[in-house]
J.: 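The following block contains the structure, expressed as structure tokens.
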Amino acid sequence: MTIYGVALLALCYMVGSFLGDALGMLLHVKANVGGVGIAMLLLIISRTWLKKSGKLTHPLKLGIEFWAALYIPIVVAMASIQNVIAAVDGGPMVLIAAFGTVALVFGCTALLGRFVRGSTNWDPHAESVLSGDPE
Amino acid sequence: MNLLEEITKVFAENGLVGAFLMVGAVMMVSYFVSRRLTMGRIHGSAIAIMIGLALAYWGGTQSGGTKGLADIKLFAGLGLLGGGMLRDFAITATAFEVDVDEAKKAGMLGAIALAFGTVVPFIFGCCIAWAFGYRDAVSITTIGAGAGSYIIGPVTGAALGASSAVMALAIATGVLKAVTVMIVTPFLAKLIGVNNPQSAMAFGGCVGTVSGVTGGLAAYDPRLVPYGALTATFHTGIGCLVTPSIGFLAVRAIVGG
């Protein structure tokens with residue numbers, strides 16, 4: 001059933017949000033600490049378990065991969081609701097702080113990238129889902 | 001019966017469904033432009049995100065609000081489709097396509113990247129605040145936090161009791177950082193070596209801002225999105241934890257008061 005996939009995704013999301021909030025409260029932070037990251041890890045664990053026990057059916061996958069495939073359109077909607085005016089009209093300090101930060105963190109990425117030899121063998125299925133075309 | 005008024009009413013009453021239609025139209029135009037005008041050199045999603053940002057700017061000038069297009073009644077549904085809930089739901093779903101072995105290999109690297117991504121922007125932001133004449137520890141810390149992301153800035157400012165003007169600057173810095181990352185990533189990702197799962201995880205940790213990282217990677221190479229998101233989503237939490245506490249104490253020790 002496709003809804004089982006959607007429900008599993010929702011379960012991971014909810015448990016992740018709850019744990020992120022709980023972690024925030026425990027650490028006295030007024031924010032969710034890593035809730036989405038926890039949800040992602042839970043989903044990865046769930047998939048491994050489902051695959052092992054032979055319960056990873058096509059409809060179940062569809063329920064999750066539909067949302068993964070809608071990811072880019074959702075990012076486009078997200079871009080359209082940013083406070084771009086405030087970003088552009090922030091004055092020289094905001095401009096320097098933001099552009100400088102981006103330059104620095106990109107530099108850090110380049111530095112760290114020297115220490116990895118990641119594989120570029122992509123799973124074609126993952127590729128098509130993330131590009132918006134699940135089978 | 002005023003036709004325009006009726007159309008607005010249908011969109012306002014069916015916000016989310018209307019947003020599917022509008023985003024679909026933007027994607028269609030973007031992929032057409034990508035294929036026909038740039039011969040595929042600029043990815044369709046990069047064009048779509050830039051159109052989104054341009055529309056957000058236009059929306060802001062029309063409404064005077066802070067939520068881009070979503071402040072205009074006709075487009076209010078975009079606030080739901082592009083808002084935190086569905087965004088995080090979809091980000092979580094991309095984890096389903098993660099190659100576990102690749103992600104495991106980059107675990108340590110991701111942690112180091114998160115440390116970089118928390119400390120470097122903060123120190124830089126604090127220095128800029130100092131250079132622009134801020135001398136009190138609360139304001140300097142808040143602006144430094146804003147260089148982390150537009151969530152860390154206001155969370156830190158609220159925790160420390162910063163003035164609303166300083167909070168606004170911190171938020172603006174975070175938003176501009178996110179927007180800049182969305183726009184420049186497709187052009188610079190190759191240069192900084194982001195082309196595999198592990199480097200994408202390093203990228204997510206260093207850059208931090210979830211919307212910037214996921215938007216930027218989606219526009220460059222969608223396959224990298226889940227890996228970048230995996231680390232970036234921890235960045236905000238760590239920043240909100242470290243900045244108002246250790247960060248503030250360090251700044252106060254240096255500048256006093």
J.: Heavy-atom cut-off 4.5 Å, strictly under: side chain, backbone, both or neither for V207(B) against chain A?
T.: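 Both backbone and side chain.
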
J.: Between L42(A) and chain B, with a heavy-atom cut-off of 4.5 Å, which part of the residue counts as in contact: side chain, backbone, both or neither?
T.: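 Interface part for L42(A): neither.
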
J.: Using side-chain heavy atoms (C-beta onward) and a distance below 4.5 Å, is T94(B) in contact with W67(A)?
T.: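 Sidechains of W67(A) and T94(B): no contact.
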
J.: For the OH atom on Y4(A), are there more than 12 heavy atoms of other groups (residues, nucleotides or ligands in this structure) within a distance under 6.0 Å?
T.: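 Check fails, neighbour count at 12 or below.
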
J.: Between F20(B), F89(B), Y57(B), which residue shows the highest count of heavy-atom pairs closer than 4.5 Å to chain A?
T.: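 Top count of heavy-atom pairs under 4.5 Å with chain A: F89(B).
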
J.: Would you say the side chain of V76(A) lies within less than 4.5 Å of the side chain of S45(B), judging by non-hydrogen atoms?
T.: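 With C-beta onward as the side chain, the pair stays apart.
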
J.: I need the single residue from L69(B), I49(B), L81(B), L53(B) that forms a side-chain contact (heavy atoms from CB on, under 4.5 Å) with S80(A). Which is it?
T.: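 Of the listed options, the one satisfying the test is L69(B).
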
J.: What part of F75(B) lies closer than 4.5 angstrom to a heavy atom of chain A: side chain, backbone, both or neither?
T.: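 Neither the backbone nor the side chain of F75(B) comes within 4.5 Å of chain A.
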
J.: S30(B) versus chain A, heavy atoms under 4.5 Å apart: side chain, backbone, both or neither?
T.: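 No part of S30(B) comes within 4.5 Å of chain A.
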
J.: Sort I45(A) into side chain, backbone, both or neither according to what part of it lies under 4.5 angstrom from a heavy atom of chain B.
T.: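 For I45(A), neither part sits under 4.5 Å from chain B.
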
J.: Contact part of T214(B) toward chain A, heavy-atom cut-off under 4.5 Å: side chain, backbone, both or neither?
T.: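 When you check distances to chain A, atoms from both the backbone and side chain of T214(B) fall under 4.5 Å.
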
J.: If we ignore hydrogens and angles and just use 3.5 Å, is the side chain of R47(A) paired with the main-chain N or O of F96(B) as donor and acceptor?
T.: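 Pair found, side chain donor or acceptor close to backbone of F96(B).
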
J.: A side-chain contact here means heavy atoms from C-beta on lying under 4.5 Å apart; do V75(A) and R87(B) qualify?
T.: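 No - every pair of side-chain heavy atoms lies 4.5 Å or more apart.
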
J.: Quick one: pull up CG in D123(A) and CD in E102(B) and give me the separation to the nearest 0.5 Å.
T.: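 These two atoms lie 11.5 Å from each other.
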
J.: Between A69(A) and chain B, with a heavy-atom cut-off of 4.5 Å, which part of the residue counts as in contact: side chain, backbone, both or neither?
T.: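 Neither part; nothing is under 4.5 Å.
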
J.: Quick one: of V179(B), V98(B), L55(B), who has the most non-hydrogen atom pairs under 4.5 Å with chain A?
T.: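 Heavy-atom pair counts peak at V98(B).
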
J.: How close do M40(A) and T92(B) get, heavy atom to heavy atom, and via which atoms?
T.: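 Looks like CG-CA, 3.9 Å.
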
J.: A168(B) versus chain A, heavy atoms under 4.5 Å apart: side chain, backbone, both or neither?
T.: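 Answer is neither: A168(B) stays 4.5 Å or more from chain A.
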
